[in-house]
Amino acid sequence: MSPTDPANNLFGNFGASGTLKFDRRNYDVKVNWNPTTQAVLWGKLSRMGAPVTGKHVFGEMVGPNIGTAGDGDVRVNMPTFGFSYTFSPTFIMDAVFGYTRHDQDIVGIGQGTNWGLDIFKIPGTNGGRQYAGDLRYSGVPCFSTGFSDWGLCETWLPLFRRERSYTAPVNFSKIYGSHELRWGFEARRLEMNHWQPETANPRGAITFGSGPTVVPGQTPRVLNNYATALLGLATSYTKSIQFFLMQTREWQHAWYFRDRWQATRRLTLNLGLRYEYYPLMNRGNRGLEVWNPYTNIVYLGGLGNVPRNAGMSVSKRMFAPRVGFAYRLRENWVVRSGYGISWNPMPLSRPLRGPYPATLTGNWDAGTADAEFRNPTFGWYNTLDKGIPDVPTPDVSTGVLTLPLHLTMGARSPWGGRLNRGYIQSWNFIVERKLPFDTVISAGYVATRTIRQFLHRNINVVGPGLGADTRNLPLARLYGRTTVANLWDGIGYGTYNSLQVTMNKSFSRGLFFKGAYTWSRYMNMAEDDGTDTFALWQWEPMIPRNYAPSSWDRRHSFSIGWVYELPFGAGRAYPMSGIADKILGGWKINGMFFAYSGTPFTVTGSASSLMCIGCTQTADQVGPVRKLGGKGPNQPYYDPTSFRDPLFFFDARNPVYRPGTMGRNALYGPGFWRIDPALYKEFRVSERVTMELRMEARNGTNTPRWGNPNSGAGAMRLNPDGSIAALNNFMAITSASAERQFRMGIRLQY
C-alpha cells in the first residue's frame, strides 16, 4: 500500500467481458381431418425452447453477472385438440382441449459442486446437514468481504419451475328465427410446482464486517472488512431452505348463455348471462395456510385436526350479466352501447405461491443469543471452521404453528374467512359514422370500475407521531411483533373514464390508415392486481388517500399508423417503365406517429415530520403550481417555491406530526411524441422469387423522452425566510430516453 496513492488502486481495477446467448426455437405443427361431411377434427402442437446464458466476472468463483445470471432453459409445449360437429344447418357444436406444459430451470455458475461444504469445508453451507445430498443447494456460497462480492449471490437462483394448465371449453350455437343462441361450459385446471428458496441465499451468505479489525475511534474502511475475512471471523450469516415444495392446484369453471337477437332490421340486441365458480385453491396433498395475526397462530389446512380449507370459503354466487345493442339510425350512422360484469379470473397460485413455512430463513449475527464474541464492540458470530448453524424447522404434524416473531408469512397471507374475489364493471356508448373515401369515424364514452382488487395490506402500522418506536405497533403491544403483517384479500378499488375517437380508412387509392385519440382518467389505489399493496398509505385512516390518478394515467394520447403506395411506377397514376420503374417506381411508405401527455408523480417530504409506520409523507403545496418547463440539472420543470417539505414548518420543541397537504400523483411530468417512418419496395427476381428492401427508423427525429422531475422536497435547502439556498435538483428533470434507431433489411420470398 502506498501512502501517496490514496485510492490504493483497489477499486475499479478489474475488467471482464462475455458473450451472452439467447436462442429461441419455435415449432408448430397442425393437422386437420374431416372424417365426415359434418365433423371436423384437428390437432396442433406448438413447442418453444429458449436457452439463456449469462456470464460472471470471476469465472468459476462467480461474482457480479454480465447480462443475466446463470444458465437458464425454458421449455414450453402446447398440444391442442378440437372438433366441431354440424347437427344441422342451424345447430353446431365445437369443443377444444388445450394443455400447456411450461418447464423452467435456471442454475448458477458452479452448481453441481458443493463448493462451500466439500471444497472450502465450511459447515452449514450448501445443503448443510439437513439437505447434504441435495445438489439444488450446490454452488459457491456468497462471500461479502468489502470489495465486490464473490460467489453465487443471487438469492433467486436456482429455480426449478413446473407449471401445467388444462382448458376444455365446449360450445353450442343455434340459429332460431331471428335469434342466434350460444351457450357452453369451460373448465380450467392450473397446477404449479416451484422450488425456489429465494428469501435468502440457499447456499449460504457469509459477511465479514469491519468491527473485529477496526481500532476504536478509527473510521472503518473496506480493508478492515477484508482483514476480518483473512482472519476467518464471520460477522453474520444468512441462509434459506425449501421446507415445503411450493405447489398449487386450482380449478376455474364457467357456464354461459348468450342471445344475439335481430329485433328489427335496424336494431340488434345482445343479452347474456355468465356464471363462474372458483373453488378454493389447495396444495395438492393439503390445503392453504392461514395466519391469525392477533393470536400469531398459523393453521395449515389438511394437517393434524385442521380442516382442509383452514376455515376459508369462496362465493358461489358469481353471476355476470351482459347486455348491449347496436342501432342503425340511418344508412351511415350506427349507435352502439353495452354493459357487462366480468369476474376477476386471476389465478391465486402466484400471489399465494409459498407462504410460511414453505421457505424458511435463518439469520445469525453478533447479537444472536448463541453468538461467540469477545465484546459487543468487536463482535462476530463465529469462525468459519464452525460454519452456519442449521436453519430451525417447525413441527407441522398438528397443523398448528406459532409464527416466530422474526419471520413473516412471506409476501402475504389470506385474510381468513370468506375470500372476496373482485369483478370489473364495463360500459360504453359509441356513435359511428361512415365518411367518404372508405373512412369510418367513431366517438364514444368508455368506462370501467374495478371492485375489490386483490391487494395485501400491512396491518402492523401506526399513525403520525407513533412511528418513532416500533413498540407502539399494535402487534408489538399485543405480543411483541415488530415485523410487517401483510394480509391479502379483495380490498382495492379503481376507475377508468374516457372519451375515445377513432378514424379508420380501408385500403383504397393506395392509402390505408388507422388513427385514435383518447382522453382518459385512470384512478386506483394500487397499480398491480394480486401482488401489490396500497400505493402510499397502509394506516387505516389514511387508506382512502391512496385513491388517486394511477401512475400509468395519461390524460391525452394520440396515435396514427399509415401505409401509402407512392403513385409512381408501372400500373400507377404516374406510370414508369424500364430502369426508371426499377429504381423509382413501386415504393411504399408507412409509419406510426405517437403523442402522449405525461404520467403523474408524487411530491414527497421528509418522513421525520410524519413519523408514521406504513405511511409516505407528501409535500405541502404553499402556492399555485406554475410550469416553468425547464429540463436539465437544476432547471426546474415546476416552480419549486410552490412546494415545501413539511419538515420546514416542524418545531421539535412543540412537535406536530401531520401529513403533507399534497396527495398521491398530484402533478404530471412532460409528455412526448415520436415518429417511426419506413420506406420499402418489392423487386421481382424471378417468377417465383421476390425480394423486399426495407428501411425503417424508430424515433426518426431523435426526440428525447424526458423523465419526470425529481420530486423529493426534502432535497431542497431553504433559508429561514423560505427562499432557496440550494435547489439540489428538486423539480429538475435529470433523465431522458428513447434514442433514435435505424434498421435496414432484405427479405427473400419464394
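Just so it is clear, the model here is predicted, and its values are computed rather than measured.
- Using bins of under 30°, 30° to 60° and over 60° for the plane-to-plane angle, the ring pair Phe208/Phe143 lands in the parallel bin.
- Counting only N and O atoms by type, the side chains of Thr602 and Asn665 include a donor and acceptor under 3.5 Å apart.
- Salt-bridge formation is not detected for the pair Asp390/Lys239: no Lys NZ or Arg NE/NH1/NH2 atom is positioned less than 4.0 Å from an Asp or Glu carboxylate oxygen.
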Indicate every side-chain donor-acceptor pair of residues 605-613 with a distance under 3.5 Å to a residue at least two apart or in another chain.
from: Ser606; atom 1: OG; to: Asp645; atom 2: OD2; distance (Å): 2.4
from: Ser609; atom 1: OG; to: Ser606; atom 2: O; distance (Å): 2.7
from: Ser609; atom 1: OG; to: Gln617; atom 2: NE2; distance (Å): 2.9

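- Screening Leu117, Thr113, Ile119 against Asn126 for a side chain to side chain contact (heavy atoms under 4.5 Å, CB included) leaves a single residue, Leu117.
- In this structure, Trp195 and Tyr137 have perpendicular ring planes: the angle between them is above 60°, well past the 30° mark.
- A donor atom on one side chain and an acceptor atom on the other are not found under 3.5 Å apart for Gln242 and Arg136.
- With respect to Arg457 and Asp489, no salt bridge is recorded, no charged nitrogen being found less than 4.0 Å from a carboxylate O.
- Contact check on Glu276 versus Arg421 returns no salt bridge, with no Lys/Arg side-chain nitrogen under 4.0 Å from an Asp/Glu carboxylate oxygen.
- In this structure, Leu300 CG and Tyr356 OH are separated by 8.5 Å, a value rounded to the nearest 0.5 Å.
- Using modelled atom types, one finds no donor on one side chain facing an acceptor on the other under 3.5 Å when comparing Ser413 with Glu289.
- Ion pair Arg162/Asp105 flagged as a salt bridge, since at least one NZ, NE, NH1 or NH2 atom sits closer than 4.0 Å to an Asp/Glu carboxylate oxygen.
- Pairs passing the side chain to side chain donor-acceptor pair (under 3.5 Å) check and including a residue from residues 292-306, sequence neighbours excluded, read Trp291-Asn296, Asn296-Tyr479, Asn296-Arg481.
- Taking OG1 of Thr238 as the reference point, atom CD1 of Ile388 lies at 7.5 Å (rounded to 0.5 Å).
- Side chain of His102 to backbone of Val76: no donor-acceptor contact under 3.5 angstrom is found.
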Ser144 and Asp149: CA distance, side-chain angles, deciding distance, side-chain hydrogen bond (donor to acceptor under 3.5 Å, both in side chains) verdict | CA-CA 5 Å; Ser144 298; Asp149 294 344; 3.2 Å; yes
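- Sparse packing is recorded around CZ of Arg471, with 12 or fewer heavy atoms of other residues, nucleotides or ligands lying under 6.0 Å away.
- Relative orientation of the Phe454 and Trp488 rings is parallel, given thresholds of 30° and 60° on the angle between their planes.
- Checking Ser711 against Thr604 by side-chain atom types alone, no donor-acceptor pair falls below 3.5 Å.
- Interatomic distance, CG of Leu352 versus CE of Met246, reported as 12.5 Å (0.5 Å rounding).
- The backbone N or O of Ser551 lies less than 3.5 Å from a partner atom in the side chain of Glu527, making a donor-acceptor pair.
- No donor-acceptor contact under 3.5 angstrom links the side chains of Thr482 and Thr470, judged on distance only.
- Atom CD of Glu163 sits about 10.5 Å away from atom OG1 of Thr100, to the nearest 0.5 Å.
- Taking OH of Tyr381 as the start and OG1 of Thr235 as the end, the distance is 12.5 Å to the nearest 0.5 Å.
- We find the CE-CG distance between Met409 and Leu403 to be 6.5 Å, quoted to the nearest 0.5 Å.
- Residue pairs satisfying the disulfide (SG to SG under 2.5 Å) criterion with at least one member in residues 107-152, sequence neighbours excluded, are listed as follows: Cys142-Cys153.
- Arg161 and Glu198 are not joined by a salt bridge, as no carboxylate oxygen comes within less than 4.0 angstrom of a charged side-chain nitrogen.
- Atom OH of Tyr226 sits in a sparse spot, with 12 or fewer heavy atoms from other residues, nucleotides or ligands closer than 6.0 Å.
- For an aromatic pair to be called close, the ring centres must be under 6.0 Å apart, and Trp343 with Tyr277 fails this.
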